Structure formats: structure tokens, C-alpha cells
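Working notes, beginning with the structure itself.
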Amino acid sequence: MDFNLKKLTSDAGVFFTRAVQFTEEKLGSAEKTELDTHLENLIARADCTKNWTEKIFRQTEVLLQPNPSARIEEFFYEKLDKKIPSRTTNGELLGQYMLDAAKDFGPGTPYGSTLITVGEYQIRLGGAEREFLQTSAINFLTPLRNFLEGDWRTISKERRLLENRRLDLDICKARVKKAKQAEAKAAAEPDFQETRPRNYVLSASASALWSEEVDKAEQELRVAQTEFDRQAEVTRLLLEGISSTHVNHLRCLHEFVEAQATYYAQSLYYGGVSPPCLASTSTPGIAREPSGQLKIQDVQQPSTGHRKAKVLYDYDAHDTSELSLLADELITVYTVPGMDPDWLVGERGNQKGKVPVTYLELLS
């Protein structure tokens with residue numbers, strides 16, 4: 001190992017000098033160069049962004065993976081740059097248990113057939129949950145983590161460097177001030193009496209030495225000021241990039257909300273369709289398919305009770321009984337007896353089908 005004692009001694013001296021300057025500033029015995037207001041505001045905004053991003057990131061991790069042990073395991077996989085193994089969700093596991101239990105109890109028994117039906121729904125719900133977790137981790141958690149572990153570390157490094165440059169600048173200012181004070185004192189002390197020429201020579205020599213020291217200190221001050229200004233500009237440019245970070249995080253937040261809305265819509269859809277063995281008795285006068293669902297094409301629009309609705313989000317029909325939707329379009333909606341309250345019958349021209357209420361804004 002190349003051990004450079006001279007460099008080590010120099011670095012230790014710089015560190016000690018900065019520590020003394022920092023301590024004196026805290027005690028109020030040394031002057032401190034203040035950053036300009038714009039830069040101070042950028043730093044405060046960056047700190048606020050970092051703190052809230054960290055809190056949102058941690059809580060989102062808890063939301064997506066409540067198990068601390070699983071989070072720790074995923075953390076190690078990420079640090080080792082290995083693919084995180086796919087996990088079976090609780091819903092899928094529950095559904096599989098129900099299907100396995102139905103085999104033992106007998107699929108032909110009422111209990112066994114019901115376990116099969118409910119188990120299949122649980123597996124669908126679990127699959128929707130897994131898709132939501134994966135999408136959210138990629139589109140929301142990953143950008144937040146990249147900011148905290150990438151951009152913010154770069155900003156913190158440059159801010160520390162700026163603080164060191166400021167300390168160096170203030171140290172140089174203090175040296176110039178002390179050198180000028182010593183020069184003025186040396187110039188005021190010479191004894192010009194002819195009986196003491198030696199004192200005059202010595203004092204004149206000291207004054208010249210202090211004049212050289214002032215010139216040297218001023219040169220170091222100019223260099224320190226240049227380095228400080230350059231570092232302040234670099235730090236300012238990085239901090240102004242926080243605005244772009246906000247724009248990126250806003251886009252990621254929209255994707256997270258869309259994934260969450262899709263997951264809840266799928267949950268409502270899977271949970272809103274009653275299994276045949278659990279369906280209540282049919283409502284008289286309403287045509288139903290063998291599965292217990294309404295025959296949408298046979299439903300007639302009532303003379304009263306229908307209204308217009310604005311579509312909030314795009315929606316793709318999952319089967320022929322549903323109606324696909326496009327955001328911002330207007331459709332006619334109404335309900336019929338025996339229909340799930342989370343759904344309405346929607347009509348658009350000659351097209352008709354079930355539509356989820358959560359995707360609509362009902363108009364008066």
C-alpha cells in the first residue's frame with residue numbers, strides 16, 4: 001500500500017484547521033460566510049424533499065410488504081444484485097388450500113364444491129394482488145429508491161464539499177484580517193529616534209515581512225473565493241434538479257395510483273360476482289344466466305331512473321356481459337333489481353353491458 005505521510009499530515013492539518021474554524025463559528029468568536037438566499041432556499045427544499053421521500057418510501061414498503069423479514073430478505077437480494085424470488089400471495093395460498101381441502105372432502109359435496117368456487121376466486125384475487133405489488137415496486141418504489149441512493153448521495157457529497165470550501169474561505173479571510181492587523185501594528189511600533197537606529201531597522205524588516213504575509217494571505221483568499229464560487233454553482237445546479245425529481249415522482253405517483261385503482265377494480269369485479277353456489281334466489285322477472293349472473297342483453301332500459309354518467313378512466317371489459325369504457329365519454333346508466341350495487345348497466349348507442357360504478361361520475 002502506498003503510504004504518503006506528507007499527504008496524510010497535510011490532510012490532518014486541513015481537517016484540524018477546519019474543525020477549529022467550525023468550533024469558533026459555533027461559539028460566535030469567528031465570522032461565517034452566509035450563502036445567498038436562493039441557495040439557502042434550494043437547500044431547505046432539497047432537505048424537505050429527501051425527508052418526505054424517505055418517509056413515503058418506507059411506508060410504501062410496509063404497505064406492499066408488511067412482513068419485516070421478507071423486506072430484509074428483499075433488501076439483501078437487491079444488494080447482491082440478484083433476482084427476488086416470486087412469492088405466492090396470501091390469497092393465492094388460501095385459495096390453493098381451499099382447492100386441496102375440496103379434494104379430500106369431495107368435490108361433489110356441497111361444502112367441497114363451494115370450497116372449489118371460493119378457492120378459485122381467492123386465487124384470482126391473489127393474482128391481482130401480486131400484479132399490483134410488482135407494478136408498484138417497479139413504477140413507484142424503484143424511482144424513490146434511486147433518488148435516495150443515487151441523486152441524493154451526489155447532492156449530499158457536493159454539499160459537504162461546499163461546506164469545506166466555505167470553511168476554507170473563512171479561514172483565509174481570518175488570516176488576511178490577522179495579517180493586516182499585525183502589519184498595521186508593526187508599522188505603528190518603529191522607533192525613529194536617531195539614538196536607536198537598530199530598532200528602526202528591525203521594525204522596518206518586520207513590517208516588510210508582514211506585508212509579504214498579507215500579500216500571500218490575499219492570494220490564498222482569492223483562490224479560496226474562486227473555489228467556493230465554483231462549488232456553490234455546482235451545488236446550485238444539482239439542487240435546482242430537485243424540480244425535475246418532483247416531476248418524475250409525480251409521474252410515478254400517478255402510475256402507483258393507477259395500479260392501485262386497477263387492483264381495487266379487479267377485487268370488486270372478482271368479489272362482486274357471486275359464485276353459483278352462494279347466489280341468492282333469483283329476483284322474479286329478471287333473466288339470469290346459469291351462473292346466476294344477469295343476462296345483460298335481455299335487460300330493458302327503464303322508463304325512469306336512468307341518467308348520464310361521465311367515464312373517469314379507461315376500462316376493458318373482462319367478458320361479454322361488460323361494456324368497455326373510454327375516459328371522458330358520456331354514457332347512459334341505470335340499475336336493475338338484483339344487480340350488485342357496485343355495478344350499473346351502461347348503454348352507448350347499440351352497445352350495452354355492465355360497468356363499474358368506481359369508473360363513473362354520475363351526472364344530474
Side-chain angles (χ1 to χ4, degrees), residues 57-80 82-142 255-282 288-294 315-322 338-343 354-359:
F57 174 78
R58 299 304 177 199
Q59 193 57 39
T60 305
E61 276 191 322
V62 174
L63 173 67
L64 299 181
Q65 179 51 266
N67 188 339
S69 300
R71 292 202 302 272
I72 294 174
E73 181 183 352
E74 291 175 357
F75 173 80
F76 281 114
Y77 271 105
E78 290 171 1
K79 292 304 178 184
L80 295 173
K82 291 187 177 181
K83 184 179 179 181
I84 301 174
S86 179
R87 287 192 179 89
T88 303
T89 63
N90 292 329
E92 290 175 310
L93 188 59
L94 174 61
Q96 189 59 51
Y97 285 166
M98 289 182 174
L99 294 179
D100 293 342
K103 293 179 182 178
D104 286 342
F105 296 149
T109 64
Y111 186 33
S113 62
T114 303
L115 280 173
I116 292 175
T117 302
V118 177
E120 290 174 349
Y121 278 105
Q122 291 299 324
I123 290 176
R124 291 182 186 178
L125 289 172
E129 180 185 3
R130 186 178 64 256
E131 183 179 352
F132 163 63
L133 296 178
Q134 293 174 346
T135 302
S136 299
I138 295 173
N139 296 338
F140 190 58
L141 274 184
T142 299
E255 292 178 355
F256 172 68
V257 172
E258 288 176 2
Q260 199 171 36
T262 301
Y263 166 59
Y264 289 145
Q266 289 176 329
S267 299
L268 286 172
Y269 170 74
Y270 293 140
V273 180
S274 299
C277 54
L278 301 179
S280 58
T281 55
S282 299
R288 293 181 179 272
E289 296 177 351
S291 63
Q293 299 182 42
L294 292 171
Y315 178 75
D316 294 327
H318 291 79
D319 54 46
T320 56
S321 69
E322 297 180 6
M339 191 171 186
D340 190 287
D342 293 324
W343 294 78
K354 294 190 304 181
V355 293
V357 175
T358 52
Y359 280 70

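This is a predicted model, so every value here is computed, not measured.
The heavy-atom pair separating Tyr359 from Ala265 by the smallest distance is OH-CB, 3.2 Å. Nearest heavy atom pair, residue Ala137 against residue Thr142, reads O-OG1, 2.8 Å. Between Leu115 and Ala102, the closest heavy-atom pair is CB-CB, 3.9 Å. Closest of all the heavy-atom pairs between His318 and Glu322 is N-OE1, 3.0 Å.
How far CD of Gln122 is from CG of Asn90: 10.5 Å, rounded to the nearest 0.5 Å. Between Lys354 atom NZ and Thr320 atom OG1 the span is 9.5 Å, to the nearest 0.5 Å. Taking CD from Glu129 and CD from Gln134, the interatomic distance works out to 11.0 Å, rounded to the nearest 0.5 Å. Distance check, rounded to the nearest 0.5 Å: NZ of Lys103 to CE of Met98 gives 15.0 Å. Considering OH of Tyr121 and CG of Leu125, their distance stands at 10.0 Å, rounded to 0.5 Å.
Relative ring orientation between Tyr315 and Trp343 is described as perpendicular, the plane-to-plane angle rising above 60° on a 0-90° scale split at 30° and 60°.
Atom CG of Asp100 has more than 12 neighbouring heavy atoms from other residues, nucleotides or ligands inside a 6.0 Å radius.
Side-chain contact between Leu64 and Phe132: present, with at least one pair of heavy atoms (C-beta onward) separated by less than 4.5 Å. At a threshold of 4.5 Å between non-hydrogen side-chain atoms, the residues Leu99 and Ile123 count as touching. Side-chain contact between Thr358 and Tyr264: absent, with no pair of heavy atoms (C-beta onward) separated by less than 4.5 Å.
Between the side chain of Ser136 and the main chain of Phe256, no donor-acceptor pair closer than 3.5 Å is present.
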